[in-house]
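A quick note: this is a predicted structure, and the numbers were derived from the prediction, not measured. All residue numbers refer to positions in the sequence shown, counting from 1.
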Amino acid sequence: DIHHLFQDLRQKMAALGLRQAGPCQLVYLGEEFCPQNALVEAQIQVAGDAPAVKNIPSRTCAAAIHKGPMEEAHKTYALLCEWLEEHPEYRLCGESIERYLKDESMAGSLDELETGILFPLRHASPEEKQG
């Protein structure tokens, strides 16, 4: 299904005269993450402008790069979650992102894939740090 999302997005880009200028990514929408029933938005960094193009502001994130097959990405997610538990001064404040830095079209094998996993953060209030 994910490949179809990106194929559709690339077709829309071509129709608008936009070209890819950076990595693709999936944004996992919703309050709770469930990989079997996830609501996602496919995004591609583009050069050019059109009414359908939106600018995404920069933000602070906890991030890690997963190298290898996506079937093993849960290990990188777990490491990020452990880091968050060890740093109560931060709280999640947005949807998680999988940014495909080196995707299947660039890698010679699944072991060469590189995926950035990002969790948007904000500083916790003093009350949140204690609770």
#### Entry: side chain to side chain contact (heavy atoms under 4.5 Å, CB included) against D103, all qualifying residues, sequence neighbours excluded
Y100, S105, M106

### Query
A52: what forms a side chain to side chain contact (heavy atoms under 4.5 Å, CB included) with it, not counting sequence neighbours?
L16

Got [X] and [Y] here, is their nearest side-chain heavy-atom distance under 4.5 Å?
X	Y	value
F6	I44	yes
E95	P120	no
M13	V46	yes
L84	L121	yes
R99	T115	no
I97	L26	no

### Task
Any chance you could lay out the side-chain contact (heavy atoms from CB on, under 4.5 Å) test for K102 and E112, step after step, and finish with the verdict?
CA-CA 7 Å; K102 190 172 185 182; E112 295 177 12; 4.0 Å; yes

Can you tell me how far apart [atom1] ([X]) and [atom2] ([Y]) are? Round to the nearest 0.5 Å.
X	Y	atom1	atom2	result
S96	L29	OG	CG	9.0 Å
Q20	L9	CD	CG	9.0 Å
Q7	K12	CD	NZ	12.5 Å

### Task
Carefully, step by step, assess V40 and L5 under the rule side-chain contact (heavy atoms from CB on, under 4.5 Å).
CA-CA 9 Å; V40 296; L5 286 174; 3.6 Å; yes

#### Entry: Shortest non-hydrogen contact from A47 toward A21
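Closest heavy-atom pair between A47 and A21: N-CB, 3.6 Å.
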
### Query
L101, L118: one ILVMFWY side-chain cluster at the under-4.5 Å cut-off?
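No: no chain of side-chain contacts under 4.5 Å links L101 to L118.
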
### Query
According to the ring-ring contact (aromatic ring centres under 6.0 Å, His included) rule, which pairs have a member within residues 110-129, sequence neighbours left out?
Y77-F119, Y90-H123

Tabulate below the donor-acceptor pairs under 3.5 Å that side-chain atoms of residues 60-75 make, not counting sequence neighbours, or state none.
{"residue": "H66", "atom": "ND1", "partner": "T76", "partner atom": "OG1", "Å": "3.0"}
{"residue": "H66", "atom": "NE2", "partner": "G68", "partner atom": "O", "Å": "3.4"}
{"residue": "H66", "atom": "NE2", "partner": "P69", "partner atom": "O", "Å": "2.8"}

### Query
Partners of E41 by salt bridge (charged side-chain N to carboxylate O under 4.0 Å, His left out), sequence neighbours excluded?
K54

#### Entry: Those residues that, when tested against R10, pass salt bridge (charged side-chain N to carboxylate O under 4.0 Å, His left out) (two or more places apart)
none

### Task
For R59 and I56, indicate whether the former's side chain and the latter's backbone hold a donor-acceptor pair under 3.5 Å.
no

### Query
Should E128 and R122 count as an ion pair when the cut-off is N to O under 4.0 Å?
yes

